[in-house]
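Ligands are counted one by one from 1 in listed order, and the atoms in each one are counted from 1 as well.
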Amino acid sequence: MKKAICPGSFDPVTLGHVDIIERAADIFDEVTVLVMSNKSKKQSLFTVAERMELIRRSVSKPNVKIDTYDGLLVDYAKQNGAVAIVKGLRAMSDFEYEFQQALTNKSLYPNAETMFLCARGENMFLSSSMVKEVCSLGGDIRPFVPQSIAEDIYNRCKGDKSND
Ligand code: ADP
């Protein structure tokens, strides 16, 4: 069974993420969406548990699992027998950082390959931070996030931030 991991912070999950996750699920037998807690990032909008729940309500493929990990991604890959780390690439601006990460992960754990899927044209500009910014300024985020979770994002933008 070929297993892959789609890692990220997913704060919150967007249609760009869902597209990459579902395309990976068409290629691999099992895909784990791995919500990294990313302590170095500034305050998050949703807790890790909430982000996992929003992903659960956004992705319907039966071979997609959702998990969290606060250690090294390659250690999770090793422990869970994953052969690939699948990432979405939007623009050249993503590339340098992603390339550096891929090379680092390859030297730490040569048995897993990083694979890049190109973002769809309509998702090229889409990011969690853009969604948060539009939402906090009262804009319409429905074109950017799964319909089933838009309300949760609106409500959170109006209220308090998470304590993650
Ligand atoms: P991080 O916070 O670690 O950068 P994100 O949660 O933003 O991670 O994204 C997780 C993964 O999804 C990354 O591989 C990222 O490149 C990819 N991704 C993010 N937004 C999009 C998008 N609009 N289209 C395709 N892939 C995307």
Side-chain angles (χ1 to χ4, degrees), residues 3-28 31-59 61 64-77 82-106 108-109 112-136 139-147 149-150 152-153 156-157 161-162 164:
K3 295 186 190 178
I5 301 171
C6 288
S9 357
F10 306 102
D11 184 41
V13 67
T14 68
L15 289 176
H17 295 130
V18 171
D19 177 56
I20 299 295
I21 294 163
E22 296 194 335
R23 284 160 62 193
D26 288 340
I27 300 170
F28 291 93
V31 168
T32 299
V33 182
L34 195 62
V35 180
M36 311 294 287
S37 49
N38 238 335
K39 301 265 186 279
S40 60
K41 282 210 169 179
K42 52 183 196 286
Q43 170 122 52
S44 30
L45 188 62
F46 291 97
T47 66
V48 167
E50 287 169 337
R51 286 181 246 161
M52 292 172 74
E53 178 56 26
L54 294 179
I55 297 167
R56 207 164 282 125
R57 282 165 38 205
S58 304
V59 182
K61 297 228 172 215
V64 175
K65 288 175 26 180
I66 300 152
D67 202 359
T68 180
Y69 193 62
D70 60 7
L72 265 182
L73 175 60
V74 288
D75 287 339
Y76 184 93
V83 295
I85 295 162
V86 178
K87 314 264 349 232
L89 269 190
R90 282 162 291 190
M92 282 308 286
S93 51
D94 278 347
F95 186 75
E96 196 168 336
Y97 175 73
E98 293 291 355
F99 193 55
Q100 192 181 19
Q101 284 224 320
L103 291 178
T104 306
N105 287 337
K106 186 74 178 161
L108 290 171
Y109 183 48
E113 295 292 344
T114 298
M115 290 177 56
F116 295 108
L117 299 182
C118 287
R120 282 184 198 281
E122 64 267 32
N123 294 335
M124 290 288 284
F125 61 94
L126 188 48
S127 67
S128 298
S129 33
M130 192 277 281
V131 166
K132 285 184 270 196
E133 186 159 354
V134 169
C135 193
S136 66
D140 186 2
I141 56 164
R142 282 172 301 178
F144 313 129
V145 298
Q147 208 188 318
I149 66 166
D152 300 72
I153 302 171
R156 181 55 56 90
C157 282
K161 303 279 186 281
S162 86
D164 251 21

So is [X] polar-close to ligand 1, meaning N/O to N/O under 3.5 Å?
X: N123; answer: yes
X: H17; answer: yes
X: S9; answer: yes

One residue to check: [X]. Relative to ligand 1, which of side chain, backbone, both or neither has a non-hydrogen atom less than 4.0 Å away?
X: I20; value: side chain
X: R90; value: side chain
X: P7; value: backbone

As an exercise, identify every atom of ligand 1 less than 4.0 angstrom from a heavy atom of [X].
X: G8; value: 3 (O), 6 (O), 8 (O), 10 (C)
X: K87; value: 13 (C), 14 (O)
X: F10; value: 6 (O)

Does a side-chain heavy-atom distance below 4.5 Å link [X] with [Y]?
X: Y109; Y: L72; answer: no
X: V59; Y: E22; answer: yes
X: K132; Y: S127; answer: no

Requested in this report: Could you check which of G88, G16, P12 puts a non-hydrogen atom nearest to atom 17 (C) of ligand 1?
Outcome: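 It is G88 whose heavy atom sits nearest to atom 17 (C) of ligand 1.
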
Query raised in the report: Looking only at non-hydrogen atoms, which of C118, A119, S128, S44 approaches atom 24 (N) of ligand 1 most closely?
Result: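 That would be A119.
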
Please confirm whether the backbone N or O of [Y] pairs with a side-chain atom of [X], one donor and one acceptor, at under 3.5 Å?
X: N105; Y: V74; value: no
X: R51; Y: S37; value: no
X: K61; Y: D26; value: no

Query raised in the report: Between F95 and F116, how do the two ring planes meet: parallel, tilted or perpendicular, split at 30° and 60°?
Result: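 Plane angle between 30° and 60°, so tilted.
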
Query - Residues D152, R57: salt bridge by 4.0 Å N-O rule - result: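 Looking at R57 together with D152, the answer is yes, because their closest N to O distance falls below 4.0 Å.
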
